[in-house]
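Here is the structure we will look at.
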Amino acid sequence: MIDRDTLLCPACRGSLDFEESIIRCTSCNKEYPLHGDVPIFVPDVQTHAVASHQHKKSTLRKVLKVFRAPHHSVYFNTLTPSYGEGKELKTFLQQHKDLKVLNIGSLSGNLSELHPHIINLDISYYTSVDIVADAHELPFKDGSIEVILFKNVLEHIRNPTKVMAEIERVLKPGGYLYIKLPFLQPFHAVPDDYQRYTQSGMKELLKEYKELAFGISVGPASMLSWMLREYLAILTSFGNYKLYEIGLIGWGWLTFWIKYTDILFRHNKLANRVVSAFYGIYQKK
């Protein structure tokens, strides 16, 4: 449940009045729709590209879904599919089960089974979303959030500097940030794809925070499995997108097993040079 006292107008940071189906800013008089208990701070949310990615699939995609290859990546420390939640995140949430958690983006998967006080925020409206807003203009008061989850999102952000500044603004002093960022991954647009981060780049990005934990989230073998699948699908597509989609299925079945060789890299100090993604847990000073 969202604490309405922590919300503000994302346009001017003014106070908000809640009515039956409308939220009105007391400073700039801007109005926002309220769908049930879900505030909508993004205009034209139903037509946003992310919603399209989530809900509108081609006929070919629907047919191919039946034959879809296994997922291309596993978590480095557990070898479990990376489309779920990793051991580090589950442990982190258990350690802070009494704090309110803001989950920004990542298609706002429902994490309520892992934590009783999750608030899902996304730029589009889904079943499990509690608040629809743009991470560039978070509708929260300064220092009002105790824990923030920010995984698999920053690569899709047009202005990462602004978003990271917003996260720092709304995070309570002493509050916690769990973040997961990609290093070596193929292009994946949700709705677009802008950047990647090395280990050094990630540490530079978060240098104003206290680092509590840092590690490999998705390892070298998963990276190779995904890259090889994409490479072969593109090679055998001859530039045709439908052939590319078919290739992802066929080559996916032939290359998925490579990801499990991540077990060979667990004690290799050079593994961080070619991983798919890093994770980190940070505390605001």
Side-chain angles (χ1 to χ4, degrees), residues 2-16 23 25 27-28 30 32 39-43 45 48-50 89 92 96 99-108 118-124 129-183 190-214 217 277-285:
I2 300 172
D3 182 357
R4 292 182 175 182
D5 290 336
T6 66
L7 296 178
L8 48 67
C9 174
C12 74
R13 297 187 183 174
S15 299
L16 298 172
I23 306 170
C25 176
S27 297
C28 67
K30 190 166 184 178
Y32 304 95
I40 309 291
F41 293 110
V42 177
V45 64
H48 194 276
V50 176
L89 177 57
F92 172 72
H96 304 289
L99 302 181
K100 288 189 177 181
V101 178
L102 175 63
N103 177 30
I104 300 177
S106 195
L107 297 181
S108 288
I118 289 280
I119 299 171
N120 286 322
L121 180 148
D122 207 292
I123 201 168
S124 287
V129 168
D130 300 298
I131 181 168
V132 179
D134 190 334
H136 292 88
E137 296 176 336
L138 292 173
F140 296 98
K141 295 179 180 178
D142 295 4
S144 61
I145 304 298
E146 296 172 299
V147 179
I148 291 178
L149 307 184
F150 197 49
K151 58 188 183 69
N152 308 322
V153 179
L154 197 59
E155 66 266 35
H156 306 296
I157 295 294
R158 189 181 300 275
N159 189 339
T161 301
K162 184 175 182 181
V163 169
M164 292 306 296
E166 277 290 275
I167 287 175
E168 184 176 8
R169 177 184 67 81
V170 304
L171 189 61
K172 180 180 179 180
Y176 301 97
L177 170 64
Y178 177 96
I179 187 168
K180 179 183 172 188
L181 296 177
F183 175 26
V190 189
D192 216 326
D193 195 356
Y194 298 101
Q195 56 260 321
R196 298 290 184 269
Y197 294 85
T198 63
Q199 176 175 318
S200 300
M202 184 169 172
K203 288 179 176 290
E204 176 68 18
L205 180 73
L206 295 149
K207 64 183 179 181
E208 300 301 324
Y209 291 79
K210 179 181 179 182
E211 184 180 287
L212 303 179
F214 183 88
S217 177
F278 296 105
Y279 81 93
I281 299 174
Y282 296 86
Q283 185 174 30
K284 183 176 177 180
K285 298 178 182 178

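Source: prediction; values computed, not measured.
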Quick check against the 3.5 Å criterion: does Gln283 have a side-chain atom that pairs as donor or acceptor with the backbone of Gly174? yes

Excluding sequence neighbours, so at least two apart, what forms salt bridge (charged side-chain N to carboxylate O under 4.0 Å, His left out) with Arg196? Asp193

Does the side chain of Ile119 reach to within under 4.5 Å of the side chain of Ile145, using non-hydrogen atoms? no

Euclidean distance, Asp134 CG relative to Ile157 CD1, rounded to 0.5 Å: 7.0 Å

Between OG1 on residue Thr198 and CD on residue Glu204, distance to nearest 0.5 Å: 10.0 Å

Should Leu16 and Arg4 count as side-chain neighbours, where that means a heavy-atom distance under 4.5 Å? no

In Å and rounded to the nearest 0.5 Å, what is the CZ to CG distance from Arg169 to Leu138? 6.5 Å

Is a salt bridge present between Glu166 and Arg13, judged by a nitrogen-to-oxygen distance below 4.0 Å? yes

Between Ile167 and Leu177, is any pair of side-chain heavy atoms under 4.5 Å apart? yes

Which atom names give the shortest non-hydrogen contact between Val147 and His96, and what distance separates them? CG2-CB, 4.5 Å

Report the C-alpha distance between Lys100 and Asp3 in whole Å, list the side-chain angles of each, state the deciding distance to 0.1 Å, and finish with yes or no for side-chain contact (heavy atoms from CB on, under 4.5 Å). CA-CA 10 Å; Lys100 288 189 177 181; Asp3 182 357; 3.8 Å; yes

Would you find more than 12 non-hydrogen atoms of other residues, nucleotides or ligands less than 6.0 Å from Lys203 atom NZ? yes

Can you list the steps and then say if Glu155 with Tyr194 is a side-chain contact (heavy atoms from CB on, under 4.5 Å)? CA-CA 5 Å; Glu155 66 266 35; Tyr194 298 101; over 6 Å; no

Shortest non-hydrogen contact from His136 to Lys162? O-CE, 3.3 Å

Point-to-point distance, once rounded to the nearest 0.5 Å, from CG of Leu8 to OG of Ser144: 7.5 Å

Ile179 CD1 to Ile148 CD1 distance, which is reported to the nearest 0.5 Å: 10.0 Å

Between atom OG of Ser15 and atom CG of Asp5, what is the distance when rounded to the nearest 0.5 Å? 10.0 Å

Could you tell me which non-hydrogen atom of Lys141 sits nearest to which non-hydrogen atom of Leu7, and how far apart they are? CE-O, 3.9 Å

For residues Leu89 and Leu149, determine if any side-chain heavy atom of one lies less than 4.5 Å from a side-chain heavy atom of the other. yes

Given side-chain contact (heavy atoms from CB on, under 4.5 Å), test Ile23 with Ile40 step by step and report yes or no. CA-CA 9 Å; Ile23 306 170; Ile40 309 291; over 6 Å; no

Exercise: identify the closest heavy-atom pair between Met202 and Tyr197: N-CB, 4.4 Å

Is it the case that atom NZ in Lys30 sees more than 12 heavy atoms from other parts of the structure closer than 6.0 Å? no

Where do Leu121 and Leu102 land on the side-chain contact (heavy atoms from CB on, under 4.5 Å) test, with the steps shown first? CA-CA 7 Å; Leu121 180 148; Leu102 175 63; 3.9 Å; yes

If you compare all heavy atoms of Cys12 against all heavy atoms of Cys25, which two are closest, and at what distance to 0.1 Å? SG-SG, 3.4 Å

Does Asp130 use its side chain to pair, donor to acceptor, with the backbone of Asn120 at less than 3.5 Å? yes

Can you find a heavy atom in the side chain of Ile2 that is under 4.5 Å from one in the side chain of Ile131? yes

Output, in order, the C-alpha distance, side-chain angles, deciding distance and verdict of ring-ring contact (aromatic ring centres under 6.0 Å, His included) for Phe278 and Phe214. CA-CA 7 Å; Phe278 296 105; Phe214 183 88; 5.4 Å; yes

Within the distance-only criterion (no hydrogens, no angle test), does the side chain of Lys284 pair as donor or acceptor with the backbone N or O of Leu171 below 3.5 angstrom? yes

Mind checking ring-ring contact (aromatic ring centres under 6.0 Å, His included) for Tyr32 and listing every partner two or more places apart, or none if nothing turns up? Phe41

Any residue meeting salt bridge (charged side-chain N to carboxylate O under 4.0 Å, His left out) with Glu168, in chain and number order, not counting sequence neighbours: none

Is the gap between the ring centers of Tyr176 and Tyr282 under 6.0 Å? no

Specify the closest pair of heavy atoms between Leu154 and Pro160, including all atoms of both residues, with the distance to one decimal. CD1-CB, 3.7 Å

